[in-house]
Number of protein chains: 2
Amino acid sequence: MYQINNKEYNCSLAVSLDIFNDKWKLYIIWQLLSGEKRFKSLNQNIGEISQKTLCIKLKELEEKNIIYREAFAQVPLKVVYSLSPVGKELKDVLDDMHRWGKHYVKTHGKIT
Amino acid sequence: MYQINNKEYNCSLAVSLDIFNDKWKLYIIWQLLSGEKRFKSLNQNIGEISQKTLCIKLKELEEKNIIYREAFAQVPLKVVYSLSPVGKELKDVLDDMHRWGKHYVKTHGKIT
DNA sequence: CCGTATCCTTAGAGATACTG
DNA sequence: CAGTATCTCTAAGGATACGG
């Protein structure tokens, strides 16, 4: 049995699936794998995500210590997000998912 | 650009994330990785999934050709689910997620 | 045993407007 | 620029009962 923030899991896979059981977190990680990014950049480069949802997801990822947030005292404001060590270790997962998607499209979809 | 069932994606990762953007599909794959399973077995072994939801998710996976469904003309009925070739190729993804979850728990949770 | 059919409840997410 | 605050809506999922 595993416990994180008073939540119980009977398998460590359940931990991952629970954390990333939403529409956007893995997209955000994917963006950050290529280097730290500002809020605006994420908002523009991640499909159709709304500002509000992006805020919420970034906060959740920061609370879980998967990403870091660094704010600069400037006007206009500058905030930079980057992957923590444990966040960087998601690279394998995302590479595999990317590869699988490519393979799935090749056999079951169209490339235009 | 990729197209599957009249849905457009600009990245093959988006394909994977869209397919598995729900609470249960990857759990089902995880179960089936250890061999074919009957409906009841899945229903009992996958956390708190309801019968209705399991039905829906199995159907979706079958339509996407990720799992196979085989029904035996018996009374009582017997139905067996198994992974298709492209379904089996999700093993890497799930192994990585499992490994990451284990690592995350070690550094951010408790093991009881 | 393996599902369907309803009904119902909530969390996730979008749109828009506003603030430090 | 980087967020909050509302307000709204929909689809995912659960509970329960029924059917082949």
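Values reported hereafter were calculated over all heavy atoms of this structure, with side chains retained and with hydrogens, waters and symmetry mates removed. Everything quoted here is computed from the prediction, not taken from an experiment. Naming: A, B, ... by sequence-line order, numbering from 1 per chain.
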Between dG14(C) and Ser50(A), is there an OP1 or OP2 to side-chain N/O distance shorter than 4.0 Å?
-> yes
With a 4.5 Å heavy-atom cut-off, do Thr53(A) and Ile49(A) have their side chains touching?
-> yes
Within residues 1-9 of chain B: residues closer than 4.0 Å to DNA chain C (heavy atoms) | none
Non-neighbouring partners of Lys7(A) that pass salt bridge (charged side-chain N to carboxylate O under 4.0 Å, His left out), sequence neighbours left out = Asp18(A)
Pairs where residues 66-88 of chain B contributes a residue and the test salt bridge (charged side-chain N to carboxylate O under 4.0 Å, His left out) is met, not counting sequence neighbours | none
Pairs where residues 61-99 of chain B contributes a residue and the test ring-ring contact (aromatic ring centres under 6.0 Å, His included) is met, not counting sequence neighbours | Trp30(B)-His98(B)
What donor-acceptor contacts under 3.5 angstrom involve side-chain atoms of residues 54-67 of chain A, with partners at least two apart or in another chain?
unit_1, atom_1, unit_2, atom_2, d
Glu60(A), OE1, Lys25(A), NZ, 3.2
Asn65(A), ND2, His108(B), NE2, 2.9

Near DNA chain C, under 4.0 Å by heavy atom, which residues of residues 21-36 of chain A?
-> Asp22(A), Lys23(A), Trp24(A)
All N/O pairs under 3.5 Å across the protein-nucleotides 2-6 of chain C interface:
unit_1, atom_1, unit_2, atom_2, d
dC2(C), OP1, Arg38(B), NE, 3.2
dC2(C), OP1, Arg38(B), NH2, 3.2
dC2(C), OP2, Lys40(B), N, 3.1
dG3(C), OP1, Arg69(B), NE, 3.3
dG3(C), OP1, Arg69(B), NH2, 2.5
dG3(C), OP2, Tyr81(B), OH, 2.7
dG3(C), N7, Gln51(B), NE2, 2.8
dT4(C), OP1, Lys59(B), NZ, 2.7

Writing each nucleotide of DNA chain D 5' to 3' as (, ), [, ], | or . by Watson-Crick or G-U pairing under 3.5 Å yields ||||||||||||||||||.|
If you look only at distance, which donor and acceptor atoms sit under 3.5 Å apart when one is on a side chain in residues 90-97 of chain B and the other is two or more places apart or in another chain?
unit_1, atom_1, unit_2, atom_2, d
Lys91(B), NZ, Asp95(B), OD2, 2.7
Asp96(B), OD1, Arg99(B), NH1, 2.6

Between C1' of dG20(D) and CZ of Phe72(B), the distance in whole Å | 19 Å
Separation of dC1(C) atom P from Lys37(B) atom NZ, nearest Å, is 17 Å
Could you list the residues that satisfy side-chain contact (heavy atoms from CB on, under 4.5 Å) with Ala73(A), not counting sequence neighbours?
-> none
Gln74(B) atom CD, neighbour heavy-atom count above 12 within 6.0 Å | yes
Just wondering, do Asp22(A) and Asn21(B) contact through their side chains at under 4.5 Å, heavy atoms?
-> no
Taken to the nearest whole Å, CD1/Ile46(B) to C1'/dG13(D) is 14 Å
Separation of dG3(D) atom P from Ile49(A) atom CD1, nearest Å, is 13 Å
With side chains defined as the heavy atoms from C-beta onward, is the minimum distance between Tyr104(B) and Tyr2(A) less than 4.5 Å?
-> no
Residues that Ser34(A) engages under side-chain contact (heavy atoms from CB on, under 4.5 Å), provided they are two or more places apart | Lys37(A)
Listed by chain and number, what are the side-chain contact (heavy atoms from CB on, under 4.5 Å) partners of Gln3(B), not counting sequence neighbours?
-> Lys110(A), Thr112(A), Asn6(B), Glu8(B)
Phe20(A) versus Trp100(B): any side-chain heavy-atom pair under 4.5 Å?
-> yes
Rounded distance in Å - CG (Asn43(B)) to C1' (dA15(D)) | 13 Å
